[in-house]
Amino acid sequence: MSALTTSSWAGRLAAVVAAGSLVVAAPAGPAAACPVRQYRVIDLGFTGEVLSLADAGYAAGRGEFTPGRSHPFLWRRGQVRDLGELTPTYEGSGAATDVNNRGQVVGYSTIGQKSPPVDRRAFLWQNGRMTALDLPGTDAQADAINDRGEIVGTYTVQGVGHAFLWRHGVVTDLGRGNATDINNRGRIVGARPGRQGRYVPCVWYRGRVTDLPLGPATAGGAAAVNDRGWIVGHGTSEADSEGVESAYLWRAGTVTDLGRIGIGDSAAADVDDRGRIIGVTGLNNFSDPIAFLWQRGRMTDLRTHGVRGGVRAISHGWLGGSMPFGDGGYHAAVYR
C-alpha cells in the first residue's frame, strides 16, 4: 500500500459533505485485548524514510546518498539500491512513493535547472531502468502502483491538480483532485473538490467517482485502500479556526473515527489486508507526533513497542518509516 505523499502528510483538506444517509461509528475505544509485538528496528543506514512496503519484502522511499539531495531507493533483504534520477546532470532530487510485489517502483524526480528544479516528473522504475510517464500535465507525481502495474497520482493542468490513472501506457484523467492509492481490484482513493471547492475523500471505481461520508467532519482525504476495500485517511471538523483532524476508517458503508492518543490531531496513513492501520497522532497539531497502530478497535502507542520514529507504511505486520539518528537527524528504517 501506498503511504501519504510528503506534500499531503497530515495536510488539512477542506470539504463540504453531501447530504444523505450515513452510518457513523463513534471514536473507537478499548476492545478485547489484541497483542502488539515488540518491534525490532532495522536501520537502513542513511538519512531518509521508508514510504512504502510490499508483501514480497520490498521497501521504498527517499534517501540522502549525496548530502542535501534525496533520491528514490529500493531495499530488500538488507540490500539498498539508489534508483537515481531521470536527468542526473541536473543534480535534482526525488522519492519512491510506492513499490509493488513485482519490485516495480513509482515516484517523482525533479527536472530542470540545477537550482531550483523547475518541474517534477512521475516515473516508473522496473528492470533496472527509470522511465518518465508520458502525462499531459506538468509537476507530476506517481503515488501508487498495484500488482497489475496500474499507477495513480497527480499532475498539474493550468495550475490545477488533476488525479490520473496510468494503465499500460494509456492515461485517464480522473478530474480535479489527487489520487493517493490503488488496490489490486482497481479501486482508487484520494480526494477531490466538493460543492464549495473544499476537498472531500473519494473513490474512483469502474469509471465512477463516489464521495465518502465524513460524519461530523467537514473536510477530509483518503490515504490508502487495502484489497478488502478498507479505506483510511482523515477527517477535519472545523470546530475552531484551526480545525480538529481525526484518523478515519471507511468500511462497508461505515465511517469510524479512530480517535487519538492524548490530545491533538490524528491521521491514518496505511492499512494492510488484515485490517491493521498505522498513522500519527500528536500534541499541538502534530508538533510532537506519536506513531500509532490501530487494530480491532484499539489504538496503541508504538513508542511502547520499540518504534522510535515515524511510520508511513505497513505490510504483513512490518512497519516502514524512520528512526532518530545523531543530533536531530533521521535514518530510513524498517520495523519488524
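Computed from a prediction, not measured in an experiment: that's the story for all the values here.
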task = To the nearest 0.5 Å, tell me how far Thr154 OG1 sits from Phe164 CZ.
result = 7.0 Å
message = For the CZ atom of Arg187 and the CZ atom of Arg206, what is their distance to the nearest 0.5 Å?
response = 7.5 Å
request  = Check whether Phe65 and Val334 end up in the same hydrophobic cluster, where Ile, Leu, Val, Met, Phe, Trp and Tyr are linked by side-chain heavy atoms less than 4.5 Å apart.
outcome  = yes
ask   = If only atom types and distance count, is the side chain of Thr131 paired as donor or acceptor with the main-chain N or O of Trp125 below 3.5 Å?
value = no
task = Take Val41 and Tyr335 through the test side-chain contact (heavy atoms from CB on, under 4.5 Å) and record every step on the way to the result.
result = CA-CA 4 Å; Val41 63; Tyr335 296 90; 3.6 Å; yes
Thr110 side chain vs Ser93 backbone, donor-acceptor pair below 3.5 Å = yes
ask   = Would you say the side-chain atoms of Ser246 pair up with the backbone N or O of Gly235, donor to acceptor, closer than 3.5 Å?
value = no
ask   = With distance as the sole test, does Asp82 use its side chain to make a donor-acceptor pair with the main-chain N or O of Phe73 at under 3.5 Å?
value = no
Spatial distance of atom CZ (Arg298) from atom CG (Leu258) [nearest 0.5 Å] = 14.0 Å
request  = Taking the side chain as every heavy atom from C-beta outward, state whether His331 and Leu44 have any atom pair closer than 4.5 Å.
outcome  = no
request  = Would you name the heavy atoms of Ala223 and Ala268 that are closest together and state the gap between them?
outcome  = CB-O, 3.7 Å
Ser109 side-chain N/O to Thr87 backbone N/O, donor-acceptor pair under 3.5 Å = no
task = Tell me, with the steps shown, if His305 and Arg37 meet side-chain contact (heavy atoms from CB on, under 4.5 Å).
result = CA-CA 7 Å; His305 292 268; Arg37 74 176 70 179; over 6 Å; no
Any side-chain donor near an acceptor of the partner, Asp173 and Tyr155, under 3.5 Å = yes
query = Do any N or O atoms from the side chain of Ser315 and from the backbone of Asp55 form a donor-acceptor pair under 3.5 angstrom?
reply = yes
inquiry  = Are Trp166 and Val157 linked, directly or through intermediate hydrophobic residues, by side-chain heavy-atom contacts shorter than 4.5 Å (ILVMFWY only)?
reply    = yes
Under 3.5 Å donor-acceptor, Arg176 side chain and Arg192 backbone = no
task = Could you tell me whether Phe46 atom CZ has more than 12 heavy atoms of other residues or ligands within 6.0 Å of it?
result = yes
query = So how far is it from Ile231 CD1 to Asp181 CG, rounded to the nearest 0.5 Å?
reply = 9.5 Å
query = Side chain of Thr281, backbone of Ile290: donor and acceptor closer than 3.5 Å?
reply = no
remark   = Between the CD atom in Glu150 and the CG atom in Asn100, the distance rounded to the nearest 0.5 Å is 11.0 Å
message = Just checking Arg76: does its CZ atom have more than 12 heavy atoms from other residues, nucleotides or ligands closer to it than 6.0 angstrom?
response = yes
ask   = Does a sphere of radius 6.0 Å around CD in Gln38 hold more than 12 heavy atoms from other residues, nucleotides or ligands, not counting ones at 6.0 Å or beyond?
value = yes
task = Please tell me if the side chains of Leu133 and Val106 come closer than 4.5 Å, counting only heavy atoms from C-beta onward.
result = no
ask   = Taking C-beta and beyond as the side chain, do Leu86 and Ile111 meet within less than 4.5 Å on heavy atoms?
value = yes
ask   = Aromatic ring centroids of Tyr248 and Trp250 under 6.0 Å?
value = yes
ask   = Quick one: does Leu214's side chain get under 4.5 Å of Pro201's, heavy atoms only?
value = yes
inquiry  = Which heavy atom of Ser70 sits nearest to which heavy atom of Glu64, and what is that distance?
reply    = OG-CG, 3.6 Å
remark   = The residue among Ile151, Val99, Asn127, Leu124 that forms side chain to side chain contact (heavy atoms under 4.5 Å, CB included) with Gln104 is Leu124
message = For residues Tyr330 and Ile278: do they belong to one hydrophobic cluster (side chain heavy atoms under 4.5 Å, members Ile, Leu, Val, Met, Phe, Trp, Tyr)?
response = no
Derivation and outcome, side-chain contact (heavy atoms from CB on, under 4.5 Å), residues Trp294 and Val232 = CA-CA 11 Å; Trp294 185 96; Val232 298; over 6 Å; no
message = Does Asp134 have more than 12 heavy atoms from other residues, nucleotides or ligands lying within 6.0 Å of its CG?
response = no
message = Just so I know, are the side chains of Val311 and Tyr39 near enough to count as touching, which here means a heavy-atom distance under 4.5 Å?
response = no
task = Determine whether more than 12 heavy atoms belonging to other residues, nucleotides or ligands lie under 6.0 Å from atom CZ of Arg148.
result = yes
message = Do Val271 and Arg228 make a side-chain contact, defined as non-hydrogen atoms from C-beta onward lying under 4.5 Å apart?
response = no
note = The reported gap from CE in Met323 to CG in Asp43 (rounded to nearest 0.5 angstrom) is 4.5 Å
request  = Give the minimum heavy-atom separation between Ala247 and Ser266, together with the two atoms involved.
outcome  = N-OG, 2.8 Å
ask   = Does any non-hydrogen side-chain atom of Leu174 lie less than 4.5 Å from one of Val209?
value = no
key: For Ala96 against Pro72, the heavy-atom pair lying closest together   = N-CB, 3.3 Å
request  = Check whether any side-chain N or O of Asp147 sits under 3.5 Å from a backbone N or O of Asn184 as a donor-acceptor pair, and report yes or no.
outcome  = no
ask   = Taking the side chain from Thr180 and the backbone from Ala222, do they hold a donor-acceptor pair closer than 3.5 Å?
value = yes
salt_bridge(Arg274, Asp272) N-O dist < 4.0 Å = no
ask   = Passes side-chain contact (heavy atoms from CB on, under 4.5 Å), Val203 versus Leu212? Steps please.
value = CA-CA 7 Å; Val203 179; Leu212 294 170; 3.7 Å; yes
request  = Please report the closest heavy-atom contact between Trp204 and Asn178, naming both atoms and the distance.
outcome  = CH2-O, 3.7 Å
request  = For Val280 and Phe292, work out which heavy atoms get closest and say how close.
outcome  = N-CE2, 3.3 Å
